[in-house]
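Below is one structure, written out as structure tokens, with a few remarks after it.
Note that this is a predicted model, so its numbers are computed, not measured. Below, each value reflects all heavy atoms present in this structure, side chains not excepted, and no hydrogens, waters or symmetry copies.
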Amino acid sequence: MNETDLTHLRRCVDLAREALEDGDEPFGSLLVSATGEVLFEDRNRVAGGDQTRHPEFEIARWAAAHLPPEERRDAVVYTSGEHCPMCAAAHAWVGLGRIVYATSSAQLGAWHAEWGVAPGPVAGLPIQAVAPGVPVEGPADQLVDEVKELQHRLAERSSR
Ligand code: ZN
């Protein structure tokens with residue numbers, strides 16, 4: 001993971017913070033082209049009641065609508081938290097390339113256990129258990145504490 005990767009991941013964490021402060025869950029993601037251009041970005045939008053409004057899922061749909069297959073394959077998805085199985089499947093089905101995440105699903109699961117958060121309806125599988133052909137990199141140790149703090153604020157808010 002290089003400085004460019006970290007810069008993109010920092011933007012994901014900023015989007016995650018924006019989502020949390022807007023009543024959504026703290027997750028943010030970017031789609032970056034092979035030449036380094038940010039093509040699309042989004043953040044979690046589940047507060048309206050649709051629990052599938054994950055940024056990585058929006059990225060997959062956007063890529064399928066806007067990029068030819070060879071550009072999807074060469075694009076990189078950056079995300080504050082590792083893809084859930086739904087998003088990993090969507091990523092693989094549309095033929096997107098490498099994934100770089102700041103924190104893993106295993107880390108999130110451990111934090112939830114530490115804080116007494118009940119497991120959700122979908123297993124926290126690693127991306128490569130769902131999409132074995134996708135190159136994956138993470139976590140980014142420099143950003144773990146910041147993401148953990150955002151997730152902890154969500155857990156506190158949800159328990160009230
Ligand atoms: Zn997801």
Side-chain angles (χ1 to χ4, degrees), residues 1-20 24-46 52-114 119-120 122-152 154:
M1 202 174 297
N2 59 32
E3 265 313 308
T4 303
D5 293 329
L6 276 173
T7 299
H8 289 314
L9 285 177
R10 284 197 187 94
R11 173 63 186 154
C12 295
V13 176
D14 287 345
L15 287 164
R17 183 180 304 281
E18 177 190 309
L20 183 72
D24 296 292
E25 297 180 357
F27 297 96
S29 311
L30 302 184
L31 177 66
V32 177
S33 75
T35 58
E37 184 191 354
V38 178
L39 299 170
F40 183 79
E41 63 176 34
D42 202 9
R43 44 79 158 187
N44 179 282
R45 298 181 188 277
V46 301
T52 70
R53 296 289 302 277
H54 297 183
E56 307 95 321
F57 196 66
E58 298 294 332
I59 283 174
R61 302 297 299 273
W62 188 92
H66 294 93
L67 299 180
E70 63 276 14
E71 288 182 33
R72 289 180 225 161
R73 191 182 56 236
D74 293 339
V76 181
V77 173
Y78 292 88
T79 189
S80 63
E82 182 176 4
H83 290 42
C84 75
M86 171 184 77
C87 295
H91 182 102
W93 278 123
V94 305
L96 280 165
R98 176 172 166 247
I99 293 173
V100 183
Y101 59 73
T103 61
S104 70
S105 298
Q107 286 173 314
L108 183 62
W111 299 336
H112 283 172
E114 180 186 331
V122 175
L125 300 174
I127 289 165
Q128 288 188 321
V130 177
V134 175
V136 175
E137 205 172 341
D141 294 337
Q142 300 91 326
L143 296 171
V144 169
D145 287 347
E146 191 175 350
V147 172
K148 184 177 182 182
E149 190 261 335
L150 294 176
Q151 292 293 339
H152 190 242
L154 173 68

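Rounded to the nearest 0.5 angstrom, R43 CZ and S29 OG are separated by 11.5 Å. Separation of atoms CZ (R17) and OG (S80) is listed at 11.0 Å; rounding is to 0.5 Å. The line from CG of L39 to CZ of R72 is 12.5 Å long, rounded to the nearest 0.5 Å. To the nearest 0.5 angstrom, E58 atom CD is 10.0 Å from N44 atom CG. Distance CG/L154 to CH2/W111: 12.0 Å, rounded to 0.5 Å. To the nearest 0.5 Å, atoms CE (M1) and CG (D141) are separated by 8.5 Å.
Residues L15 and E18 have side chains in contact (heavy-atom distance under 4.5 Å, counting atoms from C-beta outward). Side-chain contact between L31 and H66: absent, with no pair of heavy atoms (C-beta onward) separated by less than 4.5 Å. Taking the side chain as every heavy atom from C-beta outward, T4 and V32 never approach each other to under 4.5 Å. Annotation: side chain of Q151 is not in contact with side chain of Q107 (no heavy-atom distance under 4.5 Å). Taking the side chain as every heavy atom from C-beta outward, F40 and L67 never approach each other to under 4.5 Å. Side chains of T103 and L108 form no contact here, defined as non-hydrogen atoms less than 4.5 Å apart. When side chains are defined from C-beta on, P126 counts as touching E82, because their heavy atoms get closer than 4.5 Å. Residues P68 and E70 have side chains in contact (heavy-atom distance under 4.5 Å, counting atoms from C-beta outward).
Contact record, C87 with E56: CB-CB, 3.6 Å, taken as the closest heavy-atom pair. The nearest pair of heavy atoms linking L9 to L143 is CB-CD1, 3.5 Å. Residues A64 and V94 come closest through the heavy atom pair CB-CG1, 3.9 Å. The minimum heavy-atom distance between A129 and L125, with the atom names listed, is CB-CB, 4.3 Å. Looking at every heavy atom in both residues, A16 comes nearest to L150 through CB-CD1, 4.1 Å. Residues A102 and P139 come closest through the heavy atom pair O-CB, 3.1 Å.
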Output, in order, the C-alpha distance, side-chain angles, deciding distance and verdict of side chain to side chain contact (heavy atoms under 4.5 Å, CB included) for L96 and I59. CA-CA 10 Å; L96 280 165; I59 283 174; 4.1 Å; yes
So Y78 and R98, side chain to side chain contact (heavy atoms under 4.5 Å, CB included) or not? Walk me through it. CA-CA 9 Å; Y78 292 88; R98 176 172 166 247; 4.1 Å; yes
Taking it one step at a time, do Y101 and V136 satisfy side chain to side chain contact (heavy atoms under 4.5 Å, CB included)? CA-CA 8 Å; Y101 59 73; V136 175; 3.2 Å; yes
Can F27 and H54 be said to form a side chain to side chain contact (heavy atoms under 4.5 Å, CB included), step by step? CA-CA 8 Å; F27 297 96; H54 297 183; over 6 Å; no
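The existence of a salt bridge linking R61 and D42 is excluded, since no basic side-chain nitrogen approaches an acidic carboxylate oxygen closer than 4.0 Å. Note on R10 versus E146: no salt bridge recorded, every NZ/NE/NH1/NH2 to OD/OE distance being 4.0 Å or above.
By the ring pair (Phe, Tyr, Trp, His ring centres under 6.0 Å) test, H91 is found to be paired with H83, residues two or more places apart in sequence or in another chain being considered.
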